[in-house]
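Note that these values count all heavy atoms, side chains included, but never hydrogens, waters or copies made by symmetry.
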Amino acid sequence: MQLGSIALLVRDYDEALTYYVGVLGFRLLEDTDLSQGKRWVRVVPPGAETGLLLAQAKGEDQEKAVGNQCGGRVFLFLHTAEFWADYHRLHARGVQFLEEPRQESYGHVAVFADLYGNKWDLLEVQRGL
């Protein structure tokens, strides 16, 4: 078994695609119209199999959860083999880093917020861990 996709509530499909594909550099796997304003939109980071299913929020409860799907904790972990190159590329594209990069016992890490405020770790795991 493997994890296929992670549903991520978004305000608007196209707004989310502009960010995840245009800014973070994810690849669009699928964008299928399911009618009545609903779409099946999947994006993945370069080289990854597991990605995000972008789900446009419907109703008050879902709209309130956009940007806070994990109660303020880091929600997603974006692994990289080139921490500094990816950090500088994302920073130059306007990604909002919430802290300076730091070295931990497990590797390099920096927390950033996506366009909705969800917290992510950009993380290069030290080999052997």
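Within the 4.5 Å cutoff, no side-chain heavy atoms of Trp120 are placed close to those of Val111. Two residues are said to be in side-chain contact when any heavy atoms from C-beta on lie closer than 4.5 Å; Leu122 and Thr80 meet this criterion. Looking only at side-chain heavy atoms (C-beta outward), Cys70 and Asn118 stay at 4.5 Å or farther from each other. Side-chain atoms of Leu24 and Val95, non-hydrogen and from C-beta on, do get closer than 4.5 Å to each other.
For the residue pair Pro101 and Ala110, the shortest heavy atom distance occurs at CA-CB, 3.9 Å. Here the closest heavy-atom approach between residue Asp12 and residue Tyr116 is recorded as O-OH, 3.7 Å. For the pair Gly51 and Pro45, the tightest heavy-atom approach, listed with the atom from each and the gap, is CA-CD, 4.5 Å.
Between Lys64 and Asp61 there is no salt bridge, since none of the side-chain N atoms of the basic residue sits less than 4.0 Å from a carboxylate O of the acidic one.
Taken together through direct or relayed side-chain contacts under 4.5 Å among Ile, Leu, Val, Met, Phe, Trp and Tyr, Phe112 and Ile6 form part of one hydrophobic cluster. Linking Ile, Leu, Val, Met, Phe, Trp and Tyr whenever their side-chain heavy atoms come within less than 4.5 Å puts Leu54 and Val23 in one cluster. One hydrophobic cluster, built from ILVMFWY side chains closer than 4.5 Å, cannot hold both Val109 and Phe75; they sit in different ones. Linking ILVMFWY residues whenever their side-chain heavy atoms come closer than 4.5 Å, directly or via other members, places Leu52 and Leu78 in the same cluster. Residues Leu9 and Val74 do not share a hydrophobic cluster, defined by chaining ILVMFWY side chains whose heavy atoms lie under 4.5 Å apart.
Annotation: salt bridge (charged side-chain N to carboxylate O under 4.0 Å, His left out) contacts involving residues 109-126, sequence neighbours excluded, are absent. Each salt bridge (charged side-chain N to carboxylate O under 4.0 Å, His left out) pair with one or both residues in residues 42-57, not counting sequence neighbours, appears once here: Glu30-Arg42. Applying the side-chain hydrogen bond (donor to acceptor under 3.5 Å, both in side chains) test to residues at least two apart or on different chains, none of the pairs has a partner in residues 68-77.
Looking at residues two or more places apart in sequence or on another chain, you find no side chain to side chain donor-acceptor pair (under 3.5 Å) involving Gln36. Taking Ser5 as the reference, nothing meets the side chain to side chain donor-acceptor pair (under 3.5 Å) condition, with sequence neighbours excluded. Applying the side chain to side chain contact (heavy atoms under 4.5 Å, CB included) test to His79 and every residue at least two apart in sequence or in another chain returns Phe77, Leu123, Val125. For Gln103, the side chain to side chain contact (heavy atoms under 4.5 Å, CB included) partners at least two apart in sequence or on another chain are His108, Gln126. With sequence neighbours left out, the side chain to side chain contact (heavy atoms under 4.5 Å, CB included) criterion links Leu115 to Glu15, Tyr19, Tyr20. Remark: Ala113 engages Gln96, Leu98 in a side chain to side chain contact (heavy atoms under 4.5 Å, CB included) (not counting sequence neighbours). Listed by chain and number, the residues in a side chain to side chain donor-acceptor pair (under 3.5 Å) with Arg93 amount to none (sequence neighbours excluded). Under the side chain to side chain donor-acceptor pair (under 3.5 Å) criterion, Glu100 pairs with no residue, sequence neighbours left out.
Distance CD/Glu82 to NE2/His88: 12.0 Å, rounded to 0.5 Å.
Counting heavy-atom neighbours within 6.0 Å of Glu60 CD, excluding the residue itself, gives a total of 12 or less. For Lys38, the NZ atom counts as loosely surrounded, since its 6.0 Å shell holds 12 or fewer non-hydrogen atoms of other residues, nucleotides or ligands.
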- request: Evaluate the side-chain contact (heavy atoms from CB on, under 4.5 Å) criterion for residues Phe26 and Leu17: first the C-alpha distance (whole Å), next the side-chain angles of each, then the deciding distance (0.1 Å), finally the verdict.
  value: CA-CA 9 Å; Phe26 286 21; Leu17 281 171; over 6 Å; no
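Taking the six-membered ring for Trp and thresholds of 30 and 60 degrees, Tyr87 and Trp84 have ring planes more than 60 degrees apart, a perpendicular arrangement.
Summarising the hydrophobic clusters (Ile, Leu, Val, Met, Phe, Trp, Tyr; side-chain heavy atoms under 4.5 Å, direct or chained), the residues clustered with Leu34 are Trp40, Leu53.
With hydrogens and angles disregarded, a donor-acceptor distance shorter than 3.5 Å links the side chain of Tyr13 to the backbone of Arg39.
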